[in-house]
Amino acid sequence: MTVTATPSTVRSPAIPIQRIGLGATVLAGIAWILTLPPIMVRTAVPSIVLGIVAAALGTAVLRDPKHRRLGGLAVGLGLIAIPLALAMANQSAANVREVFTWSAVIASGLTFTTPLIFGALGGIISERSGVVNIGLEGMMLMGCYFGIFGADVCHSWLLGIVIGAAAGGLLGLVHAYFSLHLRANQVVSGTAINLLAVGLTGYFFIAQYGDNGTPGTLPQVPNVSVPLLNHIAFVGPAIGAGTNVLTWVGLLLVPVVWWFLFRTRAGLRLRAIGEQPLAASTVGLKVIATRYVAVTVSGMLAAVGGVYLSDGFDGSFNFDMTDGRGFIALAAVIFGKWNPVGALGATILFGFSSALAYRLQTFSQTLGTLFQALPYVLTLIAVAGLIGRSRAPAAAGIPYVKE
Amino acid sequence: FGAGTGSAKMKATKASSFKLGVVTDIGGLNDHGFNHLAYLGLKEAEKQLHIQGEVIPTSSASDYVANLTTAAQHGDNLVVAVGFDFATPLVTVAQAFPNTKFAIIDYDASTILNPKTKKPFKNIEGLDFLSQQSGYLVGYLSGLISKAKHYTTISSVGGQKIPSVDSYIAGYQAGGKAADPKLKFLNAYSNDFADQAKCETIANNQIAQGSKIVFQVAGGCGLGALQAAKQKHAWGIGVDADQGYLGNYVLTSALKKVDVAVVQATRDLMHGKFYGGGNIINSVKTGGAGYGRLNSVAKPYAAQLQKVLGEIKSGKIKNIPTKVK
Amino acid sequence: MSSPGRLRRAGRGALIPLITVVLAFIAGGLVVLFTGHDPFRTYGAIFDGTGLNYLFPWVGGNTRTIAGFDLQQTLLNAAPLILTGLSVAFAFRVGLFNIGSQGQYTVGAVMAVWIGSIFPNMEPVLHIVLAIAAAAVMGAVWAAVAGWLRAVVGTHEVISTIMLNWIAIWVANYLFQAGGPLQSRSQAGNPVSNTIVSNAHLPVIWGNPLLQGLDAGIFISLAAAVAFWALMNRSTLGYEIRAVGHSPDAARAAGISIARSYVTTMAICGVFAGLAAAVDVLGWEFQLSTGDIATSQVGFLGIAVALLGRNTAIGTVFAALLFGALETGTSVRALNSNVFNPELASQLTLIIEGLVVLLVSTDLIAVRLLGLPAKLGWGRPEQTTEGQPPGAADEAAPDPTEALRPEPSL
Amino acid sequence: MTKRFGPVVANDRVDFDLRAGEVHALLGENGAGKSTLMSVLYGLYSPTAGEIHVDGKPVRINSPSDAIALGIGMVHQHFMFIPVMTIAENIVLGSEPVRSGLPLGILDRGTARRRVRELSDRYGLAIDPDARIEDVSVGMQQRVEILRALYRNARILVLDEPTAVLTAQEITELMTVIRRLKEDGTAIIFISHKLGEVLEVADRVTVLRRGRSMGTVPCAGATEQSLARMVVGRDVIFRLDKQAATPGEPILEVSDLHVMDDRGLEAVRGATLSVRAGEIVALAGVDGNGQTELVEAITGIRHPAAGRITVDGTDITGRGVRAADSAGIAHIAQDRRRVGLVLPFTLAENLGLRGYRKPPLSRFGWLNPKAFTALAGRLLSAFDVRGGDADAPAAALSGGNQQKLCIAREIDSDPRLLVAHQPTRGLDVGAIEFVHGRLIEQRDAGKGVLLVSLESEEVRSLADRILVIYEGRIVAEFPPDATEEQLGIAMTGGALTAGTVTAA
Ligand SMILES: Nc1ncnc2c1ncn2[C@@H]1O[C@H](COP(=O)(O)OP(=O)(O)OP(=O)(O)O)[C@@H](O)[C@H]1O
Ligand SMILES: Nc1ncnc2c1ncn2[C@@H]1O[C@H](COP(=O)(O)OP(=O)(O)OP(=O)(O)O)[C@@H](O)[C@H]1O
Ligand SMILES: [Mg+2]
Ligand SMILES: [Mg+2]
């Protein structure tokens with residue numbers, strides 16, 4: 001039997017255009033960093049020139065419909081580089097150094113990133129199995145409260161993590177039960193989970209800790225300094241000294257989850273079930289059982305992110321303390337195209353720009369408030385400029401009905 | 001005591017029938033800030049003055065007017081509103097209940113004008129605090145310690161750029177300068193009074209930039225700043241209430257005795273004293289401002305601090321700034 | 001299109017949410033019981049707290065006054081929830097998930113408070129209309145950004161609307177903060193806006209205007225619900241939107257521009273959210289502080305309201321009333337603190353709201369309780385595969401429940 | 001064996017037996033219950049009553065895993081794939097090779113690939129294990145389905161309408177595979193609507209009608225006529241009665257059209273063709289040679305990269321669906337469920353999809369529900385759409401009726417040109433008859449008809465002119481009496497060397 005003819009895949013000669021686009025993007029990137037430490041060019045001129053060149057090249061690339069996104073990116077980056085460079089050149093060198101102390105930015109960026117990593121990994125696992133998990137926020141919040149509660153009651157941060165994860169897993173189980181057995185609309189169920197979690201944690205918090213809040217003497221998830229890293233310049237101050245155990249765990253989990261999804265039998269099956277449950281079931285896979293496990297694990301992971309927030313970073317619990325982080329994690333899932341590595345990139349972009357946003361107050365107290373929007377603006381630009389359309393697991397959100 | 005402009009003499013009220021209402025701001029009763037302190041004041045008043053008290057926590061903006069109204073409808077003799085967010089709602093409610101007395105914490109009541117008469121309300125008094133004095137005291141302590149330990153930089157974390165926060169910080173910086181003129185100050189705002197992670201991040205930034213003492217002026221959020229100080233082996237300074245219970249890393253706390261002020265305002269009203277259209281000024285002199293427990297490092301400077309406190313009381317130290325540059 | 005059939009269907013459609021709500025209250029009651037309180041007294045107190053006892057003729061005297069006041073607050077709370085609910089529901093109908101109604105509300109509120117405070121002597125009606133229109137337009141623009149990004153670049157609206165929410169909040173914070181461009185002239189240093197001039201206040205239709213009586217905003221909300229229904233079911237635009245929502249490919253083949261539908265739909269969502277802000281700001285709030293902006297939940301609750309209302313106009317109205325009543329009824333001032341610790345009660349609100357929404361997410365419980373064949377399945381939320389984010393596939397995935405969805409009647 | 005879905009009795013006391021090494025065909029109209037019967041056998045549904053025996057022993061098949069364990073394999077009517085995964089992954093899914101000696105089930109992708117290649121070589125099925133399912137042709141997917149069953153050592157193979165989507169050549173090749181499997185002792189159940197191939201390959205035939213078995217007959221001695229009578233219950237006219245065409249002025253003219261597909265590859269590369277009034281032009285070709293993109297460009301759904309499309313001289317190139325619509329193009333979409341209809345919409349709403357912008361259906365942007373009802377009332381009876389009233393959702397209709405609904409809407413728009421893309425896919429004999437009748441009616445009314453079909457049978461019986469599309473170009477033109485073989489050669493790219501035809 002011969003291979004069926006398909007249209008040949010020869011591309012029109014567009015490769016140079018792509019090169020131009022990439023080159024322009026790189027130029028724009030250089031224009032960005034010239035005025036920042038460690039280079040610290042004290043005049044805006046080179047950046048402006050580079051920015052204009054990048055924008056011009058980008059405009060040329062824009063005309064090719066196939067490389068519109070790349071061109072747009074180059075134009076955008078190039079144009080933004082100009083005011084950025086002007087602003088930096090006008091600031092005192094000391095101020096600029098103070099804001100862009102990269103090691104410190106990385107260190108505090110990691111604290112923003114950590115809960116998001118856990119949340120995003122949880123989201124990926126759930127959605128890859130075909131269950132949309134809007135409830136990440138609520139599951140994370142459960143981890144926040146029960147992590148603290150567990151650490152307090154058991155006098156052990158490790159048990160705090162376990163209990164926090166169990167609480168999140170329990171909520172995941174509820175979501176799974178409604179989504180899978182009761183064929184609930186998963187968005188609705190997830191939204192409910194979020195409301196429920198705020199109420200439940202608030203209720204238990206008041207009932208348990210009353211007006212005084214959580215005690216200040218909890219066993220907290222410790223920070224660890226890695227002996228070798230400690231002494232390396234730049235890396236040392238950034239991550240070597242005193243990075244939380246859970247941050248390391250989170251970073252480690254990214255390749256682990258990736259490997260699980262794409263290199264193991266269970267991962268292959270999970271993805272198959274999330275794409276075409278009916279097809280998966282015709283080869284004998286257990287759709288419902290797999291999804292149960294996935295959603296529960298998802299809740300547990302998100303909850304560990306919550307434990308990091310409460311018992312790792314803050315050392316205390318507060319009402320609704322996740323403050324939208326679960327939704328940011330959800331955005332990271334989509335941003336990262338349901339891939340752990342992509343999601344890590346998204347959470348890093350978000351975390352580091354959050355960290356930077358606080359430091360930017362050094363330039364202007366009044367504008368400092370506006371700078372707080374930086375991570376959100378950057379994420380929006382990055383998603384629009386780089387990601388574009390992303391394709392969810394085909395069966396995500398659709399109740400699976402087995403006759 | 002008290003510098004009310006419109007002080008009025010009134011018939012004293014019998015204790016058992018006196019009703020005190022406290023309407024708190026959004027953020028819950030255990031916000032580690034005003035809400036909590038006002039609530040403590042209510043409890044204290046119940047105990048000391050044998051009155052009936054009720055607390056009405058606010059959970060959304062639509063509660064402001066409604067809660068004040070409810071307290072007034074309940075026949076509360078004095079309704080204490082916690083925080084500047086009540087200024088505008090009070091305008092209407094004070095008109096509707098001209099016979100109910102209202103007090104607003106940390107706000108200048110003489111600026112709340114009746115739109116009809118264009119004059120301050122006779123039934124609203126302000127419970128004002130000279131927080132710059134508390135700030136000055138803890139700043140001075142920080143300066144002394146910095147000088148002794150050769151610290152070059154100290155810092156503060158504000159919850160938001162508002163007068164009640166800035167007066168602390170301005171005082172802190174002035175006090176620090178007075179004790180150690182070479183001292184460098186960092187200051188930043190979290191724009192949040194609840195999310196501890198935010199204040200912790202800011203404090204970490206400051207510590208990374210060399211700050212050895214972190215003064216938190218951000219309520220519950222600020223606990224995160226203290227947490228950062230603890231983790232990074234810097235010193236922390238608490239705010240509003242005495243936060244020394246958190247551990248020995250807290251040098252001391254800058255106090256704003258809202259609880260005392262609430263009790264005092266209640267007692268005054270029971271004795272017929274009400275400063276409608278004016279303010280009860282709570283200061284070092286009245287015991288409404290000051291510093292809290294000193295930890296082991298700060299103890300040695302107790303005498304020097306007492307001296308400064310006396311100087312503030314006597315008016316020798318005056319014109320402490322209230323605005324942060 | 002036989003109307004008795006439609007009526008019956010509508011009746012059944014209402015039955016399920018109703019049963020659901022009852023079930024949720026039972027579940028909430030168990031929570032109360034579990035924590036050692038008397039559920040009947042608690043619910044009685046919450047009921048009284050909503051002011052619904054005003055409707056009983058035998059309630060009189062001071063209780064009646066208070067009940068009237070509480071009922072005003074219930075309706076006051078419901079009015080913006082109707083609108084944000086509609087704002088979320090409208091997007092769902094085209095298969096978009098508008099998490100951004102909070103942000104659209106925020107920018108609308110900024111606009112309303114700005115327009116409402118800068119003209120000291122404008123003609124009242126004109127001023128009100130101008131401020132409302134400004135809020136609606138601002139909300140529309142903000143939402144349309146997300147629609148445009150989705151249509152042109154393909155950015156998932158779940159991401160863009162979440163980001164736009166936060167951007168709106170921080171921009172508003174910047175505007176009203178101490179030293180910010182729109183900060184109050186009269187309240188030195190405090191992060192609040194100027195107050196709305198009295199000419200721009202919405203008239204109070206019930207209760208004391210000084211004490212946050214019920215303003216005319218509720219009529220705006222109800223009118224918007226009618227407009228939602230008419231637009232969705234009686235206009236070519238709504239027909240196109242529904243077609244896109246159910247089947248983008250079929251819609252495209254019928255000459256409907258998907259991109260334009262997305263932008264238009266989101267803009268309309270933004271109008272609803274902006275109106276919600278106008279109703280609040282011009283009706284009773286009269287100023288904005290940065291704290292109000294940060295703590296407002298109206299837009300987020302709109303998601304739950306829309307879902308409870310199954311993305312229909314009438315359903316959203318009732319869901320908003322329920323949520324408004326719950327908020328008021330469990331608000332600490334209304335609850336008799338002897339019956340239930342008021343702080344716990346407001347957490348109980350959230351738990352009950354969560355349970356209501358959770359139970360609404362599935363028809364099966366109610367369907368089974370009634371012994372009805374699940375196959376009828378009327379009353380699944382009006383939603384499409386596309387609208388189930390963030391999994392919303394760009395390709396319309398075959399949906400086994402497709403046939404189980406209610407037929408949108410013309 | 002009986003299977004009920006609520007009130008619907010899909011299989012009513014059906015007896016069915018299968019012998020080792022035989023090909024047993026299953027025939028029946030749409031909805032007769034063939035797929036249901038097989039799904040029960042494969043454990044997807046559980047029988048309401050009755051039992052199944054394998055090798056004489058009664059068995060319970062509660063899930064596909066049970067069926068697989070019993071050696072039953074199934075090639076589903078609607079393919080069961082994970083489109084984003086590779087062929088190898090799809091084949092091994094459910095019984096994946098893993099690295100031995102390591103915990104956690106680490107996939108052994110090398111082994112998977114090798115086993116798949118071995119198997120495909122054995123049966124002469126050339127496939128690339130690393131290609132993604134969604135990127136390969138339907139014919140290839142069909143082969144993968146078979147391989148998947150073989151990979152699991154199926155002794156009983158169910159093929160549910162395997163030929164519906166294949167070209168003549170692919171069908172021939174499939175028949176070879178089936179014979180080879182049969183020689184190996186595999187028992188095969190073969191479901192098809194195409195009587196010719198049933199007679200060609202099957203040993204015995206069982207006919208289902210409305211869920212009941214109409215009996216089993218040996219193939220030897222049966223004719224197409226006799227089988228058709230069993231299926232439909234009446235005589236079927238196979239030859240279409242049609243007059244010779246009297247073509248008029250050209251309506252549609254396409255010149256040097258280039259169109260990109262979704263992945264940005266050039267799918268149509270300089271197609272030129274025309275359709276005149278009063279003729280049916282058929283576009284024949286193997287699936288995936290640019291037909292879809294060409295049709296989408298003509299109907300305005302897809303923006304062409306270059307070239308020109310005119311209708312009655314009006315240029316509509318890249319002007320979108322509305323321009324094509326007002327120029328008089330109607331479109332019977334190939335995928336009725338996804339593109340042709342909005343399934344949750346009512347029948348009335350679906351019928352309005354083409355005319356809703358204009359009176360009487362709407363005025364000033366507001367709909368007129370009465371006009372919708374009136375439209376539905378008229379069309380549903382005129383086109384004999386059964387299965388629901390104007391208020392019922394289109395999803396509730398059977399495939400044949402859904403197709404009638406589409407056709408009703410398109411023909412009612414009184415087009416100049418009717419583009420019919422695979423209008424009879426998956427329909428039963430009776431429904432096909434109806435559709436063909438309508439197309440000829442349109443032609444006789446002086447309209448132009450562009451028929452795009454993968455079935456050369458259909459092409460030859462309907463067309464007045466046959467164009468062959470290959471790799472995005474029109475490579476040959478034939479009169480209607482071209483032979484199957486001529487067409488087949490042209491469709492696989494051999495036309496130019498065959499020399500018997502004129503390149504268009
Ligand atoms: N999931 C289901 N729920 C309800 N009824 C069903 C279901 N699946 C099938 N049916 C009914 O069973 C009947 C038999 O359907 P089946 O798919 O077996 O037909 P078929 O013979 O395979 O038709 P075709 O030739 O079109 O493939 C249908 O007419 C339909 O009424
Ligand atoms: N989920 C369902 N619920 C109710 N009725 C159904 C369902 N699925 C199918 N039906 C009914 O089954 C009948 C046949 O459906 P089905 O799609 O199997 O038709 P078909 O003739 O096999 O179509 P096709 O030729 O496209 O395969 C329809 O009349 C429809 O009313
Ligand atoms: Mg069928
Ligand atoms: Mg079938």
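Within every chain, numbering begins at 1; the chains are lettered A, B, ... in the order of the sequence lines, protein sequences first and strands thereafter.
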Please report the closest heavy-atom contact between A:Ala192 and C:Gly354, naming both atoms and the distance. CB-O, 3.3 Å

Cut-off 4.5 Å, heavy atoms of chain A, and the answer for C:Glu353 is both

Once you round to the nearest 0.5 Å, how far does CG of C:Leu359 lie from CG of A:Leu182? 9.0 Å

C:Leu350 to A:Gly199 - nearest heavy-atom pair and separation: CB-CA, 3.6 Å

The reported gap from CG in C:Leu344 to CZ in A:Phe205 (rounded to nearest 0.5 angstrom) is 12.0 Å

Whatever's closer than 4.5 Å to a heavy atom in chain C on A:Val174 counts as side chain

Shortest non-hydrogen contact between C:Ile167 and A:Tyr376, atoms and distance: CG1-CB, 3.6 Å

Where do A:Thr366 and C:Gly179 come nearest, in terms of heavy atoms and distance? CG2-O, 4.0 Å

Heavy-atom contact with chain A under 4.5 Å, split by part of C:Ile169: neither

How about A:Leu380 and C:Leu149: do any of their side-chain heavy atoms sit closer than 4.5 Å? yes

Taking the side chain as C-beta and beyond, is there a heavy-atom pair between A:Thr201 and C:Gln347 under 4.5 Å? no

Between A:Gly324 and C:Trp166 the two heavy atoms that sit nearest each other are CA-CZ2, 4.3 Å

With rounding to the nearest 0.5 Å, note down the distance linking CG in A:Asn185 to CG in C:Asn311. 8.5 Å

Test applied, side chain to side chain contact (heavy atoms under 4.5 Å, CB included); reference residue, C:Met163; option that passes from A:Ile381, A:Val383, A:Thr379: A:Thr379

What residues form a side-chain hydrogen bond (donor to acceptor under 3.5 Å, both in side chains) with C:Thr161, not counting sequence neighbours? none

Do C:Ile351 and A:Leu196 have side-chain heavy atoms sitting under 4.5 Å apart? yes

Side chain / backbone / both / neither for A:Phe319 at chain C, heavy atoms under 4.5 Å: side chain

CD1 on C:Ile99 to OG1 on A:Thr191, rounded to 0.5 Å: 7.5 Å

Do C:Trp170 and A:Leu370 touch side chain to side chain, with heavy atoms closer than 4.5 Å? no

Could you check A:Ile134 against C:Phe97 for side-chain contact (heavy atoms from CB on, under 4.5 Å), going step by step and ending with a plain yes or no? CA-CA 11 Å; A:Ile134 296 277; C:Phe97 187 15; 3.5 Å; yes

Those residues at least two apart in sequence (or on a different chain) that pass side-chain hydrogen bond (donor to acceptor under 3.5 Å, both in side chains) with A:Asn318 are none

Which atoms of C:Leu301 are under 4.5 Å from chain A, going by heavy atoms: the side chain, the backbone, both sets, or neither? side chain

Rounded distance [0.5 Å steps], CG in C:Leu358 versus CG in A:Leu195: 10.0 Å

Side chain, backbone, both or neither: which part of C:Leu355 has a heavy atom under 4.5 Å from chain A? both

If you define the side chain from C-beta out and look only at heavy atoms, does anything of A:Asn194 sit under 4.5 Å from C:Phe300? no

What is the minimum heavy-atom distance between C:Phe92 and A:Val187, and which atoms define it? CZ-CG1, 4.1 Å

